[in-house]
S.K.: 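Have a look at this one.
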Amino acid sequence: MADNPLHPDTLAVHAGRADFAELGVHASPIDLSSTNPLPDIEHGGDSYESMATGGHPLAMGGNVYGRLWNPTVARFEQALAELEYAETSVAFSSGMAAVTAAILAHTTSVGKKHVLAVRPLYGGTDHLLDSGLLGAEVTFCDADEVGAHVRDETGLIVIETPANPTLDLVDIAAVVGQAGSVPVLVDNTFATPVLQNPLDLGATMSLHSATKYIGGHGDVIAGVIACTEETAIRLRSVRAITGAVLHPLAAYLLHRGLATLPLRMRAQQENAVRLAEWLSTHPGVSAVRFPGIDGDPQGIMQRQMRGPGAMVSAHLHGGYEAAAHVATNVKLFTHAVSLGGVDSLVQHPASLTHRPVAPEARPGADLVRLSIGLENIDDLIADLDQALRR
Ligand SMILES: *Cc1c(COP(=O)(O)O)cnc(C)c1O
């Protein structure tokens, strides 16, 4: 799809709507059917077989059952795929369901048992990998050590960039170069397809917690993975078997959210740049973590991103006490986990999102993570300024 002549802003508004004119509708129809009438046993059975093994419904056989296929979800998947310049995408009931499916599809079900992961990662992903719950053996390593740790049994490499919550950047193309034939999963939640397209850099899967920027309004839990049709077959098969499907109402909201994603990202990013600059001169702040704020010495941001995004983390003088003070004294910011919505949030990763992470990999107690929204930047700065005062 690299030769698609339409720009991302246009795709965001029009993608996944190809059948609207034929249907005579202007908004995505929400199909809530849990089951579907079948033409006859033979065609129903063939369609069931196709979808249970990760394929598409056969036109004659219909969609059969809501755990296998839903047209409202499929329209969102089509739209997200176009924004990622991917062949297709597969949506899940949460970001963690998507991570789980990616691991299962590339380990046990294909006879591999080893996963390589680069920290830091989202706390839930780190916890899932570290727990051994999915039966995979996991090695955590640095991005430049990936090649040294790849073995015959390695089924998947997991990276996240910018990483949650430190905003560290991982050079996607460099990891892909070390991976050989091992598939690389990039958690692209923080950058969104607007700022970064991992598949163009050779990654196998670009994963989003769609709960965050893609939904953008704090009212949907969802996950999605952009990939080739070949990879999608494996992922859909795991989804059909484990049942981690996205609800059609959620898919409708996500598809609607996509239309404003480029606009929201640019406006939130503009606020974040201002806020990061202001924070870096604040006497209560010892260091700001924001892509490019260090001048991008390795040029990673320049090579793979179209902008720094809208997440900012800050180390506070006064450690845990100072972080707790900010969390309880903000008035405009909401003290809450999650991120990527139109309103600004603040949270303390060591106590909340990254609590289940092993102590040696857990973020410091002096770190607060800010998700910058669409409010007026002066109001946001004034709020943080009063909350930082002690
Ligand atoms: C929130 C998040 C997840 C998990 O997504 P859920 O939708 O909460 O299951 C995964 N990765 C990143 C980077 C996240 O921020």
Side-chain angles (χ1 to χ4, degrees), residues 73 76 80 89-104 115 117-131 133-134 156 158-170 172 184-196 198 203 205-226 235 239 242-247 250-251 253-254 257 265 268 272 289 291 305 309-313 336-341 345-350 352-357 361 363 367-373:
V73 173
F76 163 65
L80 190 280
S89 82
V90 185
F92 296 87
S93 51
S94 70
M96 288 315 301
V99 175
T100 300
I103 297 169
L104 289 176
V115 174
V118 176
R119 277 171 165 157
L121 295 164
Y122 171 68
T125 306
D126 192 298
H127 188 201
L128 178 67
L129 289 167
D130 210 18
S131 68
L133 184 67
L134 301 179
L156 184 66
V158 181
I159 62 174
E160 188 175 303
T161 181
N164 189 350
T166 57
L167 283 305
D168 288 355
L169 300 185
V170 177
I172 298 171
V184 176
L185 170 72
V186 179
D187 189 326
N188 199 24
T189 300
F190 274 31
T192 82
V194 177
L195 300 178
Q196 181 169 273
M205 290 169 278
S206 172
L207 179 147
H208 301 272
S209 167
T211 310
K212 315 293 168 54
Y213 288 103
I214 290 173
H217 296 75
D219 51 11
V220 189
I221 298 272
V224 64
I225 299 176
L235 293 171
R239 182 179 68 178
T242 61
V245 289
L246 183 64
H247 193 275
L253 288 169
L254 294 174
M265 274 317 284
Q268 291 177 229
R289 291 179 168 271
M305 298 181 78
M311 295 298 298
V312 182
S313 288
V337 299
S338 199
L339 59 104
L345 308 177
V346 58
Q347 70 112 3
H348 186 244
L352 291 156
T353 50
H354 290 70
R355 201 183 183 108
V357 175
L367 192 77
V368 290
R369 193 194 71 186
L370 304 157
S371 173
I372 308 306

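Both counts, for ligands and for their atoms, begin at 1 and track the order of listing. Remember, predicted model here, so these are calculated numbers, not experimental data.
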S.K.: Answer side chain, backbone, both or neither: which part of Ala97 comes under 4.0 Å from ligand 1, heavy atoms only.
M.R.: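 Contact part for Ala97 vs ligand 1: neither.
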S.K.: Can you find a non-hydrogen atom of Thr353 under 4.0 Å from ligand 1?
M.R.: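 Not so, Thr353 does not reach ligand 1.
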S.K.: Taking distance alone, with no angle check, do Lys212 and ligand 1 share an N/O pair under 3.5 Å?
M.R.: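 Yes: some nitrogen or oxygen of Lys212 is under 3.5 Å from one in ligand 1.
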S.K.: Check if Gly340 has a non-hydrogen atom at a distance under 4.0 Å from any atom of ligand 1.
M.R.: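 In this structure, Gly340 fails to qualify as a contact of ligand 1 - no heavy atom is under 4.0 Å.
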S.K.: Taking only heavy atoms of Ala222, which atoms of ligand 1 are found under 4.0 Å from at least one of them?
M.R.: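 That gives atoms 7 (O) of ligand 1.
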S.K.: Please check whether Met96 reaches ligand 1 - meaning an N/O of the residue sits under 3.5 Å from an N/O of the ligand, judged on distance alone.
M.R.: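 Right, the criterion is met.
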S.K.: Using a plain distance cutoff, I'd like to know if Thr125 has any nitrogen or oxygen under 3.5 Å from a nitrogen or oxygen of ligand 1.
M.R.: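 For ligand 1, there is no N or O atom that lies under 3.5 Å from one belonging to Thr125.
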S.K.: Are any of the side-chain heavy atoms of Ser313 and Thr166 separated by less than 4.5 Å?
M.R.: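 Answer no - side chains too far apart.
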S.K.: Mind listing the closest non-hydrogen atom pair of Pro291 and Pro162 along with its distance?
M.R.: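 Here Pro291 and Pro162 meet closest at CG-CG, 4.2 Å.
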S.K.: If you define the side chain from C-beta out and look only at heavy atoms, does anything of Asp168 sit under 4.5 Å from Pro120?
M.R.: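 Yes, their side chains come closer than 4.5 Å.
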S.K.: What I'd like to find out is whether the side chain of Thr100 reaches to under 4.5 Å of the side chain of Leu128, using heavy atoms alone.
M.R.: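 Side chain of Thr100 against side chain of Leu128, heavy atoms only: contact under 4.5 Å found.
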S.K.: May I ask you to test the Leu370-Leu339 pair for a side-chain heavy-atom distance under 4.5 Å?
M.R.: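 No, their side chains stay 4.5 Å or more apart.
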S.K.: For residues Val194 and Tyr213, determine if any side-chain heavy atom of one lies less than 4.5 Å from a side-chain heavy atom of the other.
M.R.: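 No, side chains not in contact.
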S.K.: Give the atoms of ligand 1, by number and element, whose distance to some non-hydrogen atom of Tyr122 is under 4.0 Å.
M.R.: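 Answer, ordered by atom number: 1 (C), 2 (C), 3 (C), 4 (C), 10 (C), 11 (N), 12 (C), 13 (C), 14 (C), 15 (O).
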S.K.: Can you tell me if His354 uses its side chain to pair, donor with acceptor, with the backbone of Pro363 under 3.5 Å?
M.R.: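 Side chain of His354 to backbone of Pro363, a donor-acceptor pair under 3.5 Å: no, none is there.
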S.K.: Looking only at protein heavy atoms, identify the closest one to atom 7 (O) of ligand 1 and say how far it is in Å.
M.R.: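 Here the closest protein heavy atom is Thr211 OG1, 2.6 Å.
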S.K.: Just let me know how Leu339 lines up against ligand 1, side chain, backbone, both or neither, with a heavy-atom cut-off below 4.0 Å.
M.R.: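 The answer is the side chain of Leu339.
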S.K.: In the structure I gave you, are the side-chain heavy atoms of Val99 and Tyr122 within less than 4.5 Å of one another anywhere?
M.R.: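 No, too far: nothing below the 4.5 Å cut-off.
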S.K.: Give the atoms of ligand 1, by number and element, whose distance to some non-hydrogen atom of Glu160 is under 4.0 Å.
M.R.: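 Result: 13 (C).
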S.K.: May I ask you to identify the nearest protein heavy atom to atom 5 (O) of ligand 1, giving residue, atom name and distance to one decimal place in Å?
M.R.: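 Nearest protein contact, heavy atoms only, for atom 5 (O) of ligand 1 is Ser209 OG, 2.9 Å.
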S.K.: So if I count the atoms of ligand 1 from 1 in the order they appear, which ones are less than 4.0 Å from some heavy atom of Asp187?
M.R.: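 Listed by number with element, the hits are 10 (C), 11 (N), 12 (C), 13 (C).
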S.K.: With a 3.5 Å distance limit and no angle check, can you tell me whether Thr125 reaches the backbone of Leu121 through a side-chain donor-acceptor pair?
M.R.: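 No, because the side chain of Thr125 does not come within donor-acceptor range (under 3.5 Å) of the backbone of Leu121.
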S.K.: Which ligand 1 atoms does Gly95 reach within 4.0 Å, using its non-hydrogen atoms?
M.R.: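 Counting from 1, the qualifying ligand atoms are 5 (O), 6 (P), 7 (O), 9 (O).
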